[in-house]
Amino acid sequence: MLVIRDEQIQHFIAQDEVQLTKILMETVRAVNPQRVDGYDDKTLEAMVKMSIEQAKSHKVEKAEDIAAFVGIMFEISPSFDRIKDISACLDDTTYSVGMRFQQLWGRVAEKKWIEAEETYDPKVWFPDQS
């Protein structure tokens with residue numbers, strides 16, 4: 001029986017953070033163009049890198065989990081993880097990181113997601129320009 005280790009799977013997804021950043025940039029442009037319309041590649045790259053670092057601050061390591069986190073940042077809000085119920089779920093070490101993402105939608109009430117959406121502020125992407 002062929003056994004593929006998790007780190008091998010991660011390598012198939014993205015060989016390194018540079019490739020992951022490129023893949024996420026392409027994905028964000030394709031899936032959520034209204035959030036990034038008008039941003040050049042250099043600016044979008046900075047936004048994605050910031051998103052990856054924010055994901056890692058929650059101990060998110062796997063490429064697919066990082067991608068999910070980044071996707072939520074662009075879809076909902078770059079500060080979605082500051083909503084108390086969402087951050088509690090993301091940081092709940094009772095579960096694996098992947099399981100936490102699966103549970104987010106069931107454990108966090110819809111009104112908290114609406115609250116997170118209402119926090120969307122494009123300036124969050126550019127903290128040095130405040």
Salt bridge (charged side-chain N to carboxylate O under 4.0 Å, His left out) filter on R107, not counting sequence neighbours, yields D92

Heavy-atom side-chain contact between T43 and V36 under 4.5 Å: no

By salt bridge (charged side-chain N to carboxylate O under 4.0 Å, His left out), D41 pairs with (sequence neighbours left out) R29

So ring pair (Phe, Tyr, Trp, His ring centres under 6.0 Å) across residues 21-49, not counting sequence neighbours, yields Y39-F126

| Check against salt bridge (charged side-chain N to carboxylate O under 4.0 Å, His left out), K49 and E45 | CA-CA 6 Å; K49 284 182 176 182; E45 180 180 8; 3.2 Å; yes

W113 meets the side-chain hydrogen bond (donor to acceptor under 3.5 Å, both in side chains) criterion, sequence neighbours left out, with none

Separation between CE (M25) and CG (L20), nearest 0.5 Å, reads 12.0 Å

To the nearest 0.5 Å, atom CD of E110 lies from atom CD of E117 at 9.0 Å

- Is it the case that more than 12 heavy atoms not belonging to E53 sit under 6.0 Å from its CD atom? yes

The reported gap from NZ in K112 to SG in C89 (rounded to nearest 0.5 angstrom) is 13.5 Å

Self-check item: Transitive ILVMFWY side-chain link I114 to W105, under 4.5 Å
Solution: no

Return a table of donor-acceptor pairs under 3.5 angstrom between the side chains of residues 66-78 and protein atoms on other chains or two or more places apart.
from: E75; atom 1: OE1; to: N32; atom 2: ND2; distance (Å): 2.8
from: S77; atom 1: OG; to: S79; atom 2: N; distance (Å): 3.2
from: S77; atom 1: OG; to: S79; atom 2: OG; distance (Å): 3.2
from: S77; atom 1: OG; to: T119; atom 2: OG1; distance (Å): 3.0

With sequence neighbours left out, the residues meeting salt bridge (charged side-chain N to carboxylate O under 4.0 Å, His left out) with K56 are E17

Looking at side-chain heavy atoms only, is the closest gap between D121 and V124 below 4.5 Å? yes

Let's go through I52 and L24 carefully: what are the C-alpha distance in whole Å and the side-chain angles of both, what is the deciding distance for side-chain contact (heavy atoms from CB on, under 4.5 Å) to 0.1 Å, and is it a yes or a no?
CA-CA 10 Å; I52 291 170; L24 291 174; 4.1 Å; yes

Nearest heavy-atom approach of D91 to H58 is OD1-ND1, 2.7 Å

Taking side chain as C-beta onward, heavy atoms only, is L44 less than 4.5 Å from D40? no

Okay, side chain of R100, backbone of L90: is any donor-acceptor separation there less than 3.5 Å?
yes

Can Q54 and D81 be said to form a side-chain contact (heavy atoms from CB on, under 4.5 Å), step by step?
CA-CA 9 Å; Q54 196 162 321; D81 59 330; 2.7 Å; yes

